[in-house]
Amino acid sequence: MDITRRCDYACRILRAAYKSGDSYVSVSDIAEAEDIPYAFARSIQHDLVKAELIKTVRGARGGLVLNCDPAEVTLLEVLESIQGPVSVSLCAIDPEYCEKQEGCAYNKVWQGADRLLNGYFAAITLKDLFEQGGTHPAVVAAMASGDGPTSCAGMNDKASGGGAGSCACPSDATSCTCRSCR
């Protein structure tokens, strides 16, 4: 999986909108402050409006502002709105991509990696990211471990249907890959 430049810039634009609060901020000011080519920032702005993450107003006092609740929108939702499904391999998300998918051990490995990535990104809201950054519990846990989450505690796993504190791995704990569920 590769976070595209477009996605990275979209996250920077969202951060600038978050920092501006209820005040509209111009795309040109964001582009300059974040070192994003202006034309590219304008293009990304359209994607963010389409995803209903920001709203814009034209004119001298116009610009953009967040159009979402940053405490509810996850990093996974942002990534998916800009670059589509988060996956390490097409064969893990598209059954028609490879005819050998059913019996392939690699496919299961890629699907497991997808679940870990999606659970990780779903555990971090925009507000968490902008206020806690690298001190967010999910980030700290990921950085402290070389082989995946040490615990599912504190993970926001919308993907598996649980609530706060639920496992970010598959809902069936017998197939969970974190160390506390093994």
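No experiment lies behind these values; they were computed from the predicted model shown. Start at 1 with the first residue, then count along the sequence.
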Can any side-chain N or O of [X] pair as donor or acceptor with the backbone N or O of [Y] at less than 3.5 Å?
| X | Y | value |
| --- | --- | --- |
| D2 | T4 | no |
| S87 | L90 | no |
| D114 | V88 | yes |
| N118 | V86 | yes |

Output the distance between atom [atom1] ([X]) and atom [atom2] ([Y]), rounded to the nearest 0.5 Å.
| X | Y | atom1 | atom2 | value |
| --- | --- | --- | --- | --- |
| K55 | L64 | NZ | CG | 11.5 Å |
| K19 | L14 | NZ | CG | 12.5 Å |
| F121 | T74 | CZ | OG1 | 10.5 Å |
| Q132 | L129 | CD | CG | 9.5 Å |
| Y120 | I124 | OH | CD1 | 4.5 Å |

Which heavy atom of [X] sits nearest a heavy atom of [Y], and at what distance?
| X | Y | value |
| --- | --- | --- |
| I82 | C7 | CG2-CA, 3.8 Å |
| T125 | P70 | CB-O, 3.5 Å |
| L53 | S81 | CD1-OG, 3.6 Å |
| L75 | C11 | CD1-SG, 4.2 Å |
| G134 | V140 | O-CG2, 3.6 Å |
| C68 | E52 | CB-O, 4.1 Å |

Cluster link L117 to Y97, ILVMFWY, side chain under 4.5 Å: no
Connected via hydrophobic side-chain network under 4.5 Å: I93 and L79: no
side-chain contact (heavy atoms from CB on, under 4.5 Å) evaluation trace for V65 with I54: CA-CA 6 Å; V65 68; I54 63 169; over 6 Å; no
F40, CZ atom: more than 12 neighbouring heavy atoms under 6.0 Å: yes
Heavy atoms of other groups near R5 CZ, more than 12 under 6.0 Å: no
Side-chain donor-acceptor pairs under 3.5 Å in residues 104-113, sequence neighbours left out?
| residue | atom | partner | partner atom | Å |
| --- | --- | --- | --- | --- |
| N107 | OD1 | Q111 | NE2 | 2.6 |
| N107 | ND2 | C91 | O | 2.8 |

Electrostatic pair K127:D69 at N-O distance under 4.0 angstrom: no
Mind listing the side-chain donor-acceptor pairs of residues 24-37 below 3.5 Å, one per line with the distance, residues two or more places apart or on another chain?
| residue | atom | partner | partner atom | Å |
| --- | --- | --- | --- | --- |
| S26 | OG | S28 | OG | 3.2 |
| S26 | OG | D29 | N | 3.0 |
| S26 | OG | D29 | OD1 | 3.4 |
| S26 | OG | D29 | OD2 | 3.1 |
| E34 | OE1 | R15 | NH2 | 2.8 |
| E34 | OE2 | R15 | NH2 | 3.2 |

Close side-chain approach of Q45 to I13, heavy-atom, < 4.5 Å: no
